[in-house]
Amino acid sequence: MSWLMSAVYDRMTRESNKACLDQWRAELLRDLSGAVLEAGAGTGATLPYYPKTVTRLVLCEPDPHMRRKLQAKCDAAGATHVEISDASLEALPAAPASLDAVVCSLVLCSVPDQQAALKEIQRVLKPGGKLAFLEHVAADGKPSRLKWQRRIEPVWKQLTGNCHLTRRTEAAITAAGFNIERIERESIRKVPPIVRPSIRGIARKTG
Ligand SMILES: C[S@@+](CC[C@H](N)C(=O)[O-])C[C@H]1O[C@@H](n2cnc3c(N)ncnc32)[C@H](O)[C@@H]1O
């Protein structure tokens with residue numbers, strides 16, 4: 001299944017990338033600098049949007065099929081300065097308080113335990129370091145859509161590598177001790193209604 005997902009992922013997301021996600025990724029990454037790690041980098045959708053102010057970039061992707069595509073994209077872009085790792089969000093390859101930013105783009109929906117993942121991000125960030133996030137979430141405020149998300153989620157998770165439709169990721173980020181500095185809530189365009197509600201923004205590690 002993960003082979004199939006990696007084979008179709010870029011095609012499947014092409015229209016929504018063009019319609020909004022590419023612009024959102026560019027805006028999200030624009031002000032990052034220093035040492036940055038991206039978790040669940042997939043096939044490298046964010047790669048073109050890292051600014052030159054990022055001096056060290058580690059792209060983590062645990063799925064071997066996705067990682068092969070990621071490597072190919074980095075090679076094609078001549079991104080020789082980028083390090084690629086097979087690490088998952090449960091154990092990031094970074095020393096405590098060593099990173100200026102961690103990027104999560106459409107990945108906190110798939111991790112087995114959001115709080116454990118967010119605690120791991122806290123561990124590797126410097127005090128005041130940034131979590132840049134772009135995630136699809138539960139359709140709070142739209143009861144009928146939320147009902148459909150709940151109905152479809154058990155099958156959806158099986159087909160999409162554990163992607164959950166009803167996660168309350170904003171509350172999880174706050175509960176993990178981050179201070180949300182900026183957040184936008186907007187519908188992802190050119191995707192099925194159950195994956196449209198999204199949040200994106202910057203949260204900071206306090207202390
Ligand atoms: C929907 S894709 C998003 C890819 C890319 N970040 C993007 O914006 O298009 C989710 C990615 O998260 C990865 N993933 C799933 N579980 C993970 C985990 N526990 N830790 C890190 N990455 C994970 C998957 O292998 C997949 O590549």
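Side-chain atoms are counted along with the backbone in the values below, which use heavy atoms only and exclude waters and symmetry mates. Counting starts at 1 for both ligands and their atoms, following the listed order. Numbers for residues simply follow the sequence, beginning at 1.
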Discussion item. Distance alone, cut at 3.5 Å: any donor-acceptor contact between the side chains of T169 and Q114?
Written reply: yes

Item to complete: Taking only heavy atoms of E38 into account, list the atoms of ligand 1 that are under 4.0 Å away from them.
Response: 6 (N)

Item to complete: For residues S33 and D100, report the shortest heavy-atom separation together with the two atoms involved.
Response: O-CB, 3.3 Å

Practice prompt. Look at K18 together with E15 and state whether they make a salt bridge at an N to O cut-off of under 4.0 Å.
Written response: yes

Item to complete: Starting from atom 8 (O) of ligand 1, locate the nearest protein heavy atom and write down its residue, its atom name and how far away it is, to 0.1 Å.
Response: S105 OG, 2.6 Å

Worksheet item: Quick one: does E135's side chain have a donor or acceptor within less than 3.5 Å of a partner on L108's backbone?
Response: yes

Item to complete: Report yes or no: do E153 and Q149 form a side-chain donor-acceptor pair below 3.5 Å?
Response: no

Practice prompt. Specify the protein heavy atom at minimum distance from atom 15 (C) of ligand 1: its residue, its atom name, and the distance to 0.1 Å.
Written response: S110 CB, 3.8 Å

Worksheet item: Looking only at heavy atoms of T46, does any of them come nearer than 4.0 Å to an atom of ligand 1?
Response: no

Worksheet item: For ligand 1, is there an atom lying under 4.0 Å from some heavy atom of A41?
Response: yes

Discussion item. Check R185 with D140, please: is the shortest side-chain N to carboxylate O separation under 4.0 Å?
Written reply: no

Worksheet item: Does the pair T13 and Y9 meet the rule for a side chain to side chain contact (heavy atoms under 4.5 Å, CB included), with working shown?
Response: CA-CA 6 Å; T13 53; Y9 189 75; 3.8 Å; yes

Response to the item:
In this structure, atom 14 (N) of ligand 1 is nearest to the protein heavy atom V107 CG2, 4.0 Å

Item to complete: For ligand 1, find out whether one of its N or O atoms is nearer than 3.5 Å to an N or O atom of S88.
Response: no

Fill in: Closest to atom 17 (C) of ligand 1 among P64, A91, G40, P62 (heavy-atom distance)
P62

Worksheet item: In terms of atom number and element, which parts of ligand 1 are under 4.0 angstrom from non-hydrogen atoms of V111?
Response: 18 (C), 19 (N)

Item to complete: For A45, counting its heavy atoms only, list the atoms of ligand 1 lying under 4.0 Å from any of them.
Response: 9 (O)

Discussion item. For a salt bridge (Lys or Arg N to Asp or Glu O under 4.0 Å) check, start with the C-alpha distance between E186 and R200, then their side-chain angles and the critical distance, and finish with the verdict.
Written reply: CA-CA 8 Å; E186 211 169 329; R200 63 185 191 277; 3.1 Å; yes

Worksheet entry | Identity and separation of the nearest protein heavy atom to atom 25 (O) of ligand 1 | E61 OE2, 2.6 Å

Fill in: Numbered atoms and elements of ligand 1 in range of M66, under 4.0 angstrom, heavy atoms
27 (O)

Discussion item. Which residue and atom name correspond to the protein heavy atom nearest atom 9 (O) of ligand 1, and how close is it?
Written reply: Y9 OH, 2.7 Å

Response to the item:
A student checking ligand 1 against D63 at a 4.0 Å heavy-atom cut-off should list atoms 25 (O)

Worksheet item: Tell me: protein heavy atom nearest atom 19 (N) of ligand 1, and distance?
Response: E90 OE1, 3.0 Å

Practice prompt. Number the atoms of ligand 1 from 1 as they appear, then name those within less than 4.0 Å of a heavy atom of R25, with their elements.
Written response: 7 (C), 8 (O), 9 (O)

Worksheet item: Considering only protein heavy atoms, which is closest to atom 10 (C) of ligand 1, and at what distance to one decimal place?
Response: L106 O, 3.3 Å

Discussion item. Can you tell whether the side chains of E120 and R123 come within less than 4.0 Å, N to carboxylate O?
Written reply: yes

Discussion item. Do R145 and W148 form a cation-pi contact, if we require the NZ or CZ to be under 6.0 Å from the six-membered ring centre and within 45 degrees of the ring's axis?
Written reply: no

Discussion item. Counting only heavy atoms from other residues, nucleotides and ligands, does the tally under 6.0 Å from CZ of R151 exceed 12?
Written reply: yes

Discussion item. Distance under 4.0 Å to a non-hydrogen atom of L89: what atoms of ligand 1 satisfy this?
Written reply: 18 (C), 20 (N), 21 (C)

